[in-house]
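Have a look at the structure below before the remarks.
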Amino acid sequence: MTLVIGLTGSIASGKSTVSTMFKELHIPVIDADKISREVVEPGEFAYQEIVKEFGETILLEDQSIDRKKLGSIIFTDEGKRKKLNGIVHPAIRKRMLEEKEAYTKALEKCVVMDIPLLFESKLTHFVEKIVVVYVDENTQLERLMSRDGSSEKEALQRIRSQIPVREKIELADAVINNNGTKEDSFGQLKDILRKWNVL
């Protein structure tokens with residue numbers, strides 16, 4: 001049986017770092033963010049649906065989608081944002097489940113579904129165990145501001161648009177406290193995987 005682990009956290013909690021650690025342990029990772037970029041590439045079904053819905057004015061010269069332009073349209077229009085999500089989200093879910101199926105058939109001992117908005121998108125039924133990557137709020141705020149060059153106000157807005165990390169911790173099967181060093185977080189991950197008989 002393949003154990004399916006859901007990996008999530010809050011913005012700037014260091015989830016990507018933990019995702020890389022899984023790969024270093026030769027555990028396959030299905031990355032929702034990466035898939036979300038792939039499904040809107042020219043030639044993909046979701047891409048065609050987006051162009052049909054929003055028109056060719058959202059395309060760059062190379063025919064790829066101008067994310068900034070599309071973002072500015074959906075940012076101010078709730079109805080259009082729902083339309084876009086209605087096209088993109090099912091395509092992402094379908095691709096993620098196809099990849100999960102392939103790893104399960106290949107009899108992998110474990111596969112990770114890296115889904116930033118696992119709880120917000122109500123996708124917990126995709127996975128059997130949930131690992132939440134956690135940092136304290138001050139660290140999160142500092143990291144987000146330095147990473148994106150955003151103001152404190154902008155960073156707080158983005159943090160508050162997600163479910164508070166305290167609530168995510170309560171829903172998790174395991175938590176990685178990422179306030180310390182990378183080595184420290186890696187040690188916590190290995191302990192969790194040993195407990196689940198994956199390592």
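Fair warning: this is a prediction, and the values are worked out from it, not measured in the lab.
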request  = Could you check N179 against Y134 for side-chain contact (heavy atoms from CB on, under 4.5 Å), going step by step and ending with a plain yes or no?
outcome  = CA-CA 8 Å; N179 284 307; Y134 155 83; 3.7 Å; yes
Pair E128-I5, side-chain contact (heavy atoms from CB on, under 4.5 Å): steps then yes or no = CA-CA 6 Å; E128 291 155 81; I5 296 175; over 6 Å; no
query = For L144 and R147, what are the C-alpha separation, side-chain angles and deciding distance, and is it a side-chain contact (heavy atoms from CB on, under 4.5 Å)?
reply = CA-CA 5 Å; L144 187 56; R147 187 185 83 184; 3.7 Å; yes
key: Derivation of the side-chain contact (heavy atoms from CB on, under 4.5 Å) call for L70 and F54   = CA-CA 8 Å; L70 185 57; F54 294 91; 3.9 Å; yes
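Looking at Q162, its side chain does come within 3.5 Å of a backbone N or O of I11 through a donor-acceptor pair. With hydrogens and angles disregarded, a donor-acceptor distance shorter than 3.5 Å links the side chain of N178 to the backbone of S13. Panel note: side chain S19, backbone K15; no donor-acceptor pair is recorded below 3.5 Å.
When side chains are defined from C-beta on, E98 does not count as touching R93, because their heavy atoms never get closer than 4.5 Å. Side-chain contact between M96 and I115 is present, with at least one heavy-atom pair separated by less than 4.5 Å. Counting heavy atoms from C-beta outward, I130 and F119 have side chains that approach closer than 4.5 Å. A 4.5 Å side-chain heavy-atom check between S151 and M145 finds every atom pair outside the cut-off.
Of all non-hydrogen atoms in T2 and T104, the two that sit nearest each other are OG1-CA, 3.5 Å. Across all their heavy atoms, R158 and S161 have their closest contact at O-OG, 2.8 Å. Of all non-hydrogen atoms in P90 and I87, the two that sit nearest each other are CD-O, 3.6 Å. Across every non-hydrogen atom of L60 and I65, the tightest pair is CD1-O, 4.0 Å. Considering every non-hydrogen atom in both K168 and S10, the closest pair reads NZ-OG, 3.7 Å. Residues S36 and R67 share a closest heavy-atom pair of O-NH2, 4.2 Å.
Rounding to the nearest 0.5 Å gives a distance of 9.0 Å between CG of D77 and CD1 of I73. Within the model, atoms NZ of K69 and CG of L59 stand 9.0 Å from one another, a figure rounded to the nearest 0.5 Å. In this structure, OG on S64 lies 9.0 Å from CD on E41, to the nearest 0.5 angstrom. Note: L107 CG to K105 NZ = 11.0 Å, rounded to the nearest 0.5 Å. Remark: K109 NZ to L3 CG distance equals 10.0 Å, nearest 0.5 Å. In this structure, CD1 in I35 is found 9.5 Å from CG in D114, a value given to the nearest 0.5 Å.
Contact check on K82 versus E78 returns a salt bridge, with a Lys/Arg side-chain nitrogen under 4.0 Å from an Asp/Glu carboxylate oxygen. K100 and E108 are not joined by a salt bridge, as no carboxylate oxygen comes within less than 4.0 angstrom of a charged side-chain nitrogen. Residues D31 and K34 are not paired through a salt bridge, judged by the lack of any N-O separation under 4.0 Å between the basic side chain and the carboxylate.
Hydrophobic clustering, with ILVMFWY side chains joined whenever heavy atoms are under 4.5 angstrom apart, groups V131 together with V112. Hydrophobic clustering (ILVMFWY, side-chain heavy atoms < 4.5 Å, transitive): I176 and V4 are in distinct clusters. With hydrophobic clusters built from ILVMFWY side chains whose heavy atoms lie under 4.5 angstrom apart, I169 does not share a cluster with V135. The hydrophobic clustering, which links ILVMFWY residues whose side-chain heavy atoms are closer than 4.5 Å, places V88 and F45 apart. Put simply, L97 and L118 are part of the same group of oily side chains (I, L, V, M, F, W, Y) that touch within less than 4.5 Å, one to the next.
No hydrogens or angles considered: a donor-acceptor pair under 3.5 Å links the side chains of T139 and D136.
Within a 6.0 Å radius of CD in E44, more than 12 heavy atoms belonging to other residues, nucleotides or ligands are found. No more than 12 heavy atoms of other residues, nucleotides or ligands lie within 6.0 Å of CD in E56, so this atom counts as exposed by the packing criterion.
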Please list every donor-acceptor pair under 3.5 Å in which a side-chain atom of residues 20-30 meets a protein atom from a residue at least two apart or in another chain.
{"residue": "T20", "atom": "OG1", "partner": "S16", "partner atom": "O", "Å": "3.0"}

List the atom pairs, donor and acceptor, that lie under 3.5 Å between side-chain atoms in residues 186-199 and the rest of the protein, sequence neighbours left out.
{"residue": "Q188", "atom": "OE1", "partner": "N177", "partner atom": "N", "Å": "2.8"}
{"residue": "Q188", "atom": "NE2", "partner": "N177", "partner atom": "O", "Å": "2.8"}
{"residue": "D191", "atom": "OD1", "partner": "R194", "partner atom": "NH1", "Å": "3.2"}

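Taking the salt bridge (charged side-chain N to carboxylate O under 4.0 Å, His left out) definition, one finds that E137 meets it with R166, sequence neighbours left out.
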